[in-house]
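Notes follow the structure.
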Amino acid sequence: MPEDSMDKPSIVTCTAPVNIAVIKYWGKRDEDLILPINSSLSVTLHQDQLKTTTTVAISRSFQEDRLWLNGKEEDITHQRLQSCLREIRRLTRKRRTDGDARSTDSVGLSHKVHICSVNNFPTAAGLASSAAGFACLVYTLAQAFGVEGELSGIARQGSGSACRSMYGGFVQWIMGSKDDGKDSVAQQVEPESHWPELRILVLVASSERKPIGSTSGMQTSVQTSLLLQHRAEAIVPRRMVDMIEAVRRKDFPAFAELTMKDSNQFHATCLDTHPPIFYLNSVSQQIIHLVHRYNKYCGETRVAYSFDAGPNAVIFILQQFVPEFVQLVQHFFPPDRNGEDFIKGLPVKCAALPMELKQNIGLEPVPKGINYIISTKAGPGPRVVDDPSQHLLSAEGLPKKTV
Ligand code: DP6
């Protein structure tokens, strides 16, 4: 490369998805390496609705590593960020020593990086952004340094659930057994094209308070909950096998039952934690009742729910039943705004609600209990953005605009 162009940063932009676990990860056996006490399985959500975009610029003229998140400069010395940066640089060095042609280019290992990252969904919505964020960081850094291959083990060191966002479709995080964590990685079970009829609805609940974070929550659970120990040892191994089987066969009732049971068991371990942790609120409980009563009325399992470390419900449902179920949600949680604004993402057709169905559900409506619905489906893993106009950093390596 000519001397004068060496000062120009090399810039790469990528996007990465959010994932929702249907077999939950809760509890670490190693806090530093982020090694879990059980395996888990998730569905990667489509990036058309929810994604993180990250730009990495590398230049020998940068004085220090810097990071901007959603328009604000943040402290890059954060331990988990440093782990990811260190591991990517270690991998780059290793590939170069091993003589990998792709990584012997001009990007200097001693050069500093500028990182800029934004989410296309409001952080205030309470959706876990750390999985998409760390997956995107690791994927983009790897592209910038020219390293390929297994990267989920590095994303895992940013945030456990981030390792599953490194793949699209249905993804398992195999807990592994080695002390160094080398075998604790994510693996695709089926691609996003496998089950096209499956739809996912994120019901964003209105909530004022910020619940306790997953990192400290699971720490207390590991220390105090015998139920969590029992779950990890005796329940999850069998459930992983059954869930993989249900996904492979596209057996919705089996998938739905396991999803709901696992979400409920996770929240039971939170209640068994001392002092207890409550992530579900009264709206979450109403949604749980609604789903079970709807399934009962239909005489088959058509809908499943799953809740993470917050009150938002994630609904799994086959495409053909979406209009009626959304109508039902709108009936029992009458929104503040008009119907169009209430549903974001994939369009949902209108449906009539039989009077008998409404009466059968028999719940008291909760006005404004749900803020809005994001309608989506399973989607692909991280992607490189080819269009340079999409870079979040300028040719000087500074954020183009505040977001
Ligand atoms: C309830 O991955 O956010 O969403 O590894 O400490 O960063 P750290 O925790 P995190 O935990 C996610 C917990 C969960 C379940 C799941 O995604 O499996």
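Note that this is a predicted model, so its numbers are computed, not measured. Computation of the quantities below employed the complete heavy-atom set of this structure, encompassing side-chain atoms and omitting hydrogens, waters and symmetry-equivalent molecules. Atoms within a ligand are numbered from 1 in the order they appear, just like the ligands themselves.
For ligand 1 and Ser159, the ligand atoms under 4.0 Å from any heavy atom of the residue are 2 (O), 3 (O), 5 (O), 7 (O), 8 (P), 10 (P). Contact atoms of ligand 1 toward Ala21: 16 (C), 17 (O), 18 (O) (distance under 4.0 Å to a heavy atom of the residue). Interface atoms of ligand 1 facing Gly160, defined by a heavy-atom separation under 4.0 Å, are 2 (O), 5 (O), 7 (O), 8 (P). The distance from ligand 1 to the heavy atoms of Ile34 drops below 4.0 Å at these ligand atoms: 5 (O). Within ligand 1, the atoms closer than 4.0 Å to a non-hydrogen atom of Lys28 are 5 (O), 6 (O), 8 (P), numbered from 1 in the order shown. Counting the atoms of ligand 1 from 1 in the order shown, those under 4.0 Å from a heavy atom of Thr215 are 6 (O), 7 (O), 8 (P). Per-residue contacts place Arg80 under 4.0 angstrom from the following atoms of ligand 1 (heavy atoms of the residue considered): 6 (O), 7 (O), 8 (P).
By the 3.5 Å distance cut-off applied to N or O atoms, Asn19 is not counted among the residues near ligand 1. Ligand 1 has no nitrogen or oxygen under 3.5 angstrom from a nitrogen or oxygen of Lys24. When only interatomic distances are considered, the shortest N/O to N/O separation between Ser40 and ligand 1 does not fall below 3.5 Å. Looking at Met218 next to ligand 1, no N or O pair under 3.5 Å apart turns up. At least one N/O-N/O distance between Ser161 and ligand 1 falls below 3.5 Å.
Look at Phe266 and you'll find a heavy atom under 4.0 Å from some atom of ligand 1. Residue-ligand proximity: Arg156 is placed with every non-hydrogen atom at 4.0 Å or more from ligand 1.
Looking only at atom types and distance, the side chain of Gln49 has a donor-acceptor partner in the side chain of Thr376 under 3.5 Å away. Side-chain atoms of Ser159 and Ser130 include a donor-acceptor pair closer than 3.5 Å. No side-chain N or O of Thr269 forms a donor-acceptor pair with one of Asp272 less than 3.5 Å apart. Under the 3.5 Å distance criterion, with hydrogens and angles disregarded, no donor-acceptor pair is assigned to the side chains of Gln390 and Thr13.
Sorted by first and then second residue, the salt bridge (charged side-chain N to carboxylate O under 4.0 Å, His left out) pairs involving residues 214-241 (not counting sequence neighbours) are Arg231-Asp262, Arg238-Asp242, Arg239-Asp262.
Tyr305 pairs by the ring-ring contact (aromatic ring centres under 6.0 Å, His included) definition with His292, Phe307, not counting sequence neighbours.
Side-chain atoms of Arg249 do not come within 3.5 Å of backbone N or O of Ala254 as any donor-acceptor pair.
Counting heavy atoms from C-beta outward, Phe278 and Cys270 have side chains that stay 4.5 Å or more apart.
The shortest non-hydrogen separation linking Asn264 to Ile288 is OD1-CD1, 4.3 Å.
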